[in-house]
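Here is the structure we will look at, set down as structure tokens.
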Amino acid sequence: MNFYSTNSPQVEVPFKEAVFNSLPQDRGLYMPLTIPKLSDEFINNLGSYTLPEIAFEVAKNILAGSIPEADLKAIIDDAINFDAPVVKLEEDVYVLELFHGPSLAFKDFGARFMSRVMSYFLRDGEKMLDVLVATSGDTGGAVALGFLGVPNTRVTILYPKGKVSPIQEQQLTTNGQNIRAIEVDGTFDDCQALVKAAFVDDELNAKFRLTSANSINIARLIPQTFYYFNAYAQLLRQGKNDIVFSVPSGNFGNIGAGLLAWKMGLPVKQFLAATNANDTVPEYLNSGVYQPKPSVATLSNAMDVGAPSNWVRISHLFEDKLDDLKQLITGYTYNDEQTVESINAAFVAYDYVMCPHTAIAWRALQEWQLKHLDTKATGVFLSTAHPCKFPEVFNEEVSAKIVVPESVKEMEGKESLSVPLSKDFDGFKRWLLKNA
Ligand SMILES: *Cc1c(COP(=O)(O)O)cnc(C)c1O
């Protein structure tokens with residue numbers, strides 16, 4: 001399977017090039033040239049497969065010819081080695097828990113798969129890959145833990161001092177091995193500016209093979225389709241097959257993967273695009289006018305995106321037919337007050353603690369289900385992160401109920417290996433050259 005750029009559909013590149021470039025020269029995004037339809041037999045029998053089996057079947061269709069099947073299977077078995085359970089909260093309300101990977105967020109699916117694909121393509125004696133990544137929290141943890149110990153790769157993570165949660169910081173800074181963390185005295189935007197400057201610096205490019213682990217990389221999108229098929233499989237086993245997915249959305253990669261799964265033949269009745277105050281997409285679905293705006297800070301900060309980069313992929317899936325798109329996707333937007341209200345309401349109703357991103361998706365599902373009482377559709381909202389990553393948003397009673405995973409306890413007391421630097425590019429460059 002080859003990939004085209006959304007800005008120049010006539011240009012085709014193989015998977016390896018799409019993965020290492022991350023972003024095409026023309027600043028479009030890579031998409032598969034054709035989207036394979038999975039067989040009815042596979043879809044109807046999804047209930048009889050495990051997550052790794054489903055992942056392999058999906059990947060082998062969409063990546064046909066890019067990686068030999070035995071190697072692809074090994075990559076998947078290594079990358080997708082944790083569960084994504086669908087948990088029943090009440091009749092026709094289920095939560096798809098995507099936080100059982102090492103960084104406790106759904107980004108583990110993308111980061112672990114991408115790291116192994118990159119390492120696979122590098123194994124024939126190619127130059128070591130240097131991954132530079134700026135993070136405001138969740139991306140860095142997933143990339144750090146995704147690449148940890150992966151041969152022939154080295155990761156340098158830049159994060160803003162004092163602006164990530166304690167658990168996020170531990171995930172970034174305590175790894176050692178091939179993972180380096182830099183605490184930048186500045187904002188996330190300063191971190192991103194340093195990474196961007198490094199990518200266009202001749203001296204650094206001559207010395208290092210630089211790549212970004214950006215969330216728009218096609219190798220992060222594809223594995224996110226796996227858990228939609230697998231969620232459907234779990235519901236089929238419970239006799240449910242009329243499904244609505246509610247997806248907490250920021251950059252629209254997660255819901256983009258769901259729509260890709262739908263295009264591959266997964267039967268989905270409706271997708272709910274649930275955002276915080278950064279409502280560019282819900283606005284568009286309402287008005288038909290696509291108007292990106294500067295992002296605003298909210299409690300669900302992993303979704304603070306005013307210009308969602310993956311939206312162009314979704315437009316391409318629908319060939320810009322707004323009417324078709326509106327039939328399948330409904331937009332919802334909630335402010336911080338409503339987010340906290342929903343966290344507390346879920347706690348009362350289910351004795352269940354949701355992270356702020358997840359609470360927004362639950363609220364959207366409730367609103368949709370109230371409006372569609374006549375249908376018997378089963379609602380599944382995606383839980384994108386474990387609540388312990390966002391301790392500042394919960395009241396005491398809710399906080400007390402959070403069960404901190406073992407992996408977090410193991411990190412406690414481990415030494416932070418981060419290097420403090422200013423936001424000045426020359427200092428960052430000197431550090432990279434000195435620590436080659
Ligand atoms: C990244 C992230 C999101 C947003 O996902 P997109 O794919 O960017 O829409 C939502 N919730 C959490 C916890 C995240 O880390």
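Just the heavy atoms: all of them, side chains too, but no hydrogens, waters or symmetry mates, feed the values below. Each ligand, and each atom within it, is numbered from 1 in the order the structure gives.
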Nearest neighbour in protein (non-hydrogen) for [atom]:
atom	answer
atom 8 (O) of ligand 1	N251 N, 2.8 Å
atom 7 (O) of ligand 1	N254 N, 2.9 Å
atom 11 (N) of ligand 1	T384 OG1, 2.8 Å

According to the interplanar angle, ranging from 0 to 90°, do the rings of [X] and [Y] count as parallel (below 30°), tilted (30 to 60°) or perpendicular (above 60°)?
X	Y	value
W362	F381	tilted
Y284	Y290	perpendicular
F245	F271	parallel

Closer than 4.0 angstrom, basic N to acidic O: yes or no for [X] and [Y]?
X	Y	answer
K401	D351	yes
E57	K73	no
E406	K409	yes
R209	D130	no

K161 atom NZ, over 12 foreign heavy atoms within 6.0 Å:
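No.
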Ligand 1 N/O within reach of [X] N/O, cut-off under 3.5 Å:
X	answer
S249	no
H357	no
G253	yes
G250	yes
F252	yes

Apply salt bridge (Lys or Arg N to Asp or Glu O under 4.0 Å) to residues K293 and E283 and explain how you reach the verdict.
CA-CA 11 Å; K293 29 194 164 183; E283 247 325 284; 5.6 Å; no
So which of K107, H386, M303 gets nearest to atom 2 (C) of ligand 1, if we judge by its closest heavy atom?
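It is K107 whose heavy atom sits nearest to atom 2 (C) of ligand 1.
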Measuring from atom 5 (O) of ligand 1, which candidate in F390, F99, F106 has the nearest non-hydrogen atom?
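That would be F106.
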Taking 4.0 angstrom as the limit and counting only heavy atoms of A302, give me the atoms of ligand 1 inside it, by number and element.
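So the atoms of ligand 1 that pass are 1 (C), 2 (C), 3 (C), 4 (C), 12 (C), 14 (C), 15 (O).
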Where ligand 1 meets A385 - atom numbers and elements under 4.0 angstrom, heavy-atom basis:
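Close to A385: 13 (C).
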I need the contact type for D138 against ligand 1. Using non-hydrogen atoms and a strict under-4.0 Å cut-off, is it side chain, backbone, both or neither?
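For D138, only side-chain atoms sit under 4.0 Å from ligand 1.
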